[in-house]
Amino acid sequence: MAKRCEVEIVGKPVQELVLNPENLPKNYTYDEGGAGFRDALVPSQDENIPVVDIHRLSSPSTAQQELAKLHHALHSWGCFQVINHGMESSFLNKVREIGKQFFHLPKEEKKKCAREPNNVEGYGNDIVYSQKHRLDWTDRVYLKVLPEDQRNFKFWPQNPNDFRSTVLQYTESLRLLTEVILKAMAKSLNLEEDSFLNECGERAAMFLRFNYYPPCPMPDHVLGLRPHADGSTITFLLQDKQVEGLQVLKDDQWFKVPIIPDALVINVGDQIEILSNGIFWSPVHRAVIDAEKERLTVAMFCTPDSEKEIKPVDKLVNESRPVLYRPVKNYPEIYNQYYQQGIRPIEASKI
Ligand SMILES: O=C(O)CCC(=O)C(=O)O
Ligand SMILES: [Fe+2]
């Protein structure tokens, strides 16, 4: 397994760097960026990122069609957008709003829930062990929200004062939606509907991350989030309502993920790629930034109980599709170690 260096180098929040744009540290900039970062393709009408409708998924007359759409989405793009998920527009605005309110607070206030070295939870930015490390133009609040007994409230902002209640409500909504989505994914592969859910276990975890991207004077040479695939089973992303930035790699080309008001983007993470024996795949994606506008997104990463061994589901392994991945356990830990070294973590599991 990849080895982690011991000492973390703590950098300034990006929000502070932007006050002094002439002096951006070199490890934020990509010489090769050119105009390319923001010039990704817009998916065509015929081959767009599919939009899955939960109402249609739940109704007997349309379920099969919607399942086929889901299967196609996860096999071709590794992601889709979901609508009619039961959360009101005003509630989703509230989730975005508590994030923005927090990042707009004075730095002393934000530092009350600052991340500690070598720990992912709390307010902070990239974990860095080497001066050569490429950095992302983003500040974050990262919280383990499930299982309940593993919540570490010292990292949860107390300001704004409805931060906690809003996060708890959002977590519960996404916990329920995760069940719906994982069942639908299993059904779309002709598996028993609980196949993936059972693999995740009773104590499956969820991590919530507010990603705040301040405006950047060099948007063609700096990335909000470098190319990566997620280590989750699935990830929900609530996009900024006004400012685009998410791009997904397909057939070696970058595509913009359009903003659909009130939809959530859902992407496959490495652990569903493993469980599905590679039928669904975990797409590489990145976030670009805007020269003038801030952008805020909210990601929820679902991951199995850390005691569970994750390996391809037996029914998806056969002579024509031999097993492609080795079993993994506590994948987020493996993921962080590989990610730090710029290696795609799924490589640790590929046979
Ligand atoms: O902010 C975005 O558009 C992407 C976020 C993301 O990929 C992540 O948090 O893993
Ligand atoms: Fe991601």
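Counting starts at 1 for both ligands and their atoms, following the listed order.
- Residues Trp77 and Leu67 are members of separate hydrophobic clusters, defined by side-chain heavy-atom contacts under 4.5 angstrom among Ile, Leu, Val, Met, Phe, Trp and Tyr.
- No part of Thr235 comes within 4.0 Å of ligand 1, judged by heavy-atom distances.
- The pair Arg295-Asp240 fails the salt-bridge criterion, with no side-chain N (NZ, NE, NH1 or NH2) lying under 4.0 Å from an Asp/Glu carboxylate O.
- With respect to atom 2 (C) of ligand 1, the closest heavy atom belonging to the protein is Tyr213 OH, 3.4 Å.
- Closest to atom 9 (O) of ligand 1, if we only count protein heavy atoms, is Arg209 NH2, 2.9 Å.
- If you check the side chains of Thr235 and Asp230, you find a donor sitting under 3.5 Å from an acceptor.
- Here the heavy atom of the protein found nearest to atom 3 (O) of ligand 1 is Arg295 NH2, 2.9 Å.
- For His71 and Phe280, the ring centers are positioned less than 6.0 Å apart.
- For ligand 1, the atoms closer than 4.0 angstrom to any heavy atom of His285 are 7 (O).
- The ligand atoms of ligand 1 that sit less than 4.0 angstrom from a heavy atom of Phe301 are 8 (C), 9 (O), 10 (O).
- Near Leu246, meaning under 4.0 Å from one of its heavy atoms, ligand 1 places the atoms 3 (O), 4 (C).
- A donor-acceptor pair shorter than 3.5 Å cannot be found between the side chains of Gln158 and Arg164.
- A side chain to side chain donor-acceptor pair (under 3.5 Å) with Asp270 holds for exactly one of Tyr335, Tyr325, Tyr331; it is Tyr331.
- Heavy-atom contacts of Ala299 reach the following atoms of ligand 1: 9 (O) (cutoff under 4.0 Å).
- Of all the N, O or S atoms in His228, the one closest to the Fe ion (ligand 2) is NE2.
- The single protein non-hydrogen atom nearest to atom 6 (C) of ligand 1 is Leu225 CD2, 3.3 Å, given as residue, atom name and distance.
- Looking at His228 against ligand 1, only its side chain comes within 4.0 Å, counting heavy atoms.
- Remark: the backbone N or O of Ile346 is not paired with any side-chain donor or acceptor of Ser349 at under 3.5 angstrom.
- The pair Glu309-Lys329 does not meet the salt-bridge criterion, since no charged nitrogen lies less than 4.0 angstrom from a carboxylate oxygen.
- Atoms of ligand 1 found under 4.0 Å from any heavy atom of Asn211 (numbered from 1 in listed order, with element): 1 (O), 5 (C), 9 (O).
- Under a 4.0 Å N-O distance rule, the pair Arg175/Glu148 does not qualify as a salt bridge.
- When you scan the N, O or S atoms of Asp230 for the one nearest the Fe ion (ligand 2), you land on OD1.
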